[in-house]
Amino acid sequence: QVQLVESGGGLVQAGGSLRLSCAPSGRSFSSPVVGWFRQAPGKDREFVAAINWSGSGTSTADFVKGRFTISKDGAKDTVFLQMNSLKPEDTAVYYCAAGSVFTKDNRRWDYWGQGTQVTVSS
């Protein structure tokens, strides 16, 4: 069982930036794909970005392209989500996930973190 730990959420004004981090607890990433999803109150959990842990491929949702960037640091065993030009509609709980295949369907990911709250004020 892989436990994922997110950090870096918080309160920021519109136009500001935050960097989220995700690391496995007690062991290295064993899943080939690591991703970020978010869930706002009353809405479904939606795909934000994903990265191939063993390679270099990434995928980013259209609504955050040009603003959010997913990256990894193999030496630190950590995946990052750099979020710039934040908007109030980005307010949500952001979850890190790990899985065996890339998919935007959150039901097909194997492991999840507890989530970190991101609040963007206008």
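Small disclaimer: the values here were computed from a predicted structure and weren't measured.
Residues Thr60 and Val48 form no side-chain contact, since every pair of their non-hydrogen atoms from C-beta on lies 4.5 Å or further apart. Under the 4.5 Å side-chain criterion, counting only non-hydrogen atoms from C-beta, Ser71 is not in contact with Val79. In this structure, the side chains of Tyr95 and Gln39 come closer than 4.5 Å at one or more pairs of heavy atoms. With contacts defined as side-chain heavy-atom distances shorter than 4.5 Å, the pair Gln114/Val93 does not qualify.
The distance from atom OH of Tyr94 to atom CG of Leu20, rounded to the nearest 0.5 Å, is 7.5 Å. The CE atom of Met83 sits 11.5 Å away from atom CZ of Arg19, with the distance rounded to the nearest 0.5 Å. Between Ser30 atom OG and Trp53 atom CH2 the span is 11.0 Å, to the nearest 0.5 Å. For the atom pair Cys96 SG and Ile70 CD1, the distance stands at 8.0 Å (nearest 0.5 Å). Here the straight-line distance linking atom CH2 of Trp112 with atom SG of Cys22 works out to 10.5 Å at 0.5 Å rounding. In this structure, the separation between OG1 on Thr69 and CZ on Phe80 is 13.0 Å, given to the nearest 0.5 Å.
Judged purely by distance below 3.5 Å, without hydrogens or angles, the side chains of Asn52 and Ser54 pair a donor atom with an acceptor atom. There is a side-chain donor-acceptor pair under 3.5 Å between Asn84 and Ser17.
Remark: Arg45 is not positioned above the aromatic ring of Trp109, lacking an NZ or CZ atom under 6.0 angstrom from the ring centre and at most 45 degrees off the axis.
Taking the six-membered ring for Trp and the full ring otherwise, the centers of Phe37 and Phe47 sit less than 6.0 Å from each other. Aromatic ring centres of Trp36 and Phe68 lie farther apart than the 6.0 Å criterion allows.
Annotation for Leu11: hydrophobic cluster partners, listed by chain and number, are none (ILVMFWY side-chain heavy atoms under 4.5 Å, direct or chained).
More than 12 heavy-atom neighbours from other residues, nucleotides or ligands sit within 6.0 angstrom of CD on Gln117. Under a cut-off of 6.0 angstrom, the local environment of CG in Asp44 is sparse, with at most 12 non-hydrogen atoms contributed by other residues, nucleotides or ligands. Glu46 CD: more than 12 foreign heavy atoms inside a 6.0 Å radius.
No donor-acceptor pair under 3.5 Å is formed between the side chain of Ser31 and the backbone N or O of Val33. Proximity of a side-chain donor or acceptor of Arg108 to a complementary backbone N or O of Lys104 within less than 3.5 Å is not detected. The closest donor-acceptor contact from the side chain of Asp90 to the backbone of Lys87 lies under 3.5 Å. Side chain of Arg67 to main chain of Ser85: a donor-acceptor pair is present (N/O by atom type, distance under 3.5 Å, no hydrogens or angles). Here the side chain of Thr91 pairs a donor or acceptor atom with the backbone of Val120 at under 3.5 angstrom. The backbone N or O of Gly115 lies less than 3.5 Å from a partner atom in the side chain of Glu6, making a donor-acceptor pair.
Remark: Ser122 engages Pro88 in a side chain to side chain contact (heavy atoms under 4.5 Å, CB included) (not counting sequence neighbours).
In terms of heavy-atom proximity, Ser100 sits nearest to Asp110 at N-OD2, 3.3 Å. Across all non-hydrogen atoms, the minimal contact from Ala49 to Leu81 is CB-CD1, 4.2 Å.
Using a 4.5 Å cut-off between side-chain heavy atoms of Ile, Leu, Val, Met, Phe, Trp and Tyr, with links allowed through other members, Val12 and Val64 fall into the same hydrophobic cluster. Neither Val101 nor Tyr111 shares a network with the other; the hydrophobic side chains, linked directly or stepwise wherever heavy atoms of I, L, V, M, F, W or Y lie under 4.5 Å apart, form separate groups for each.
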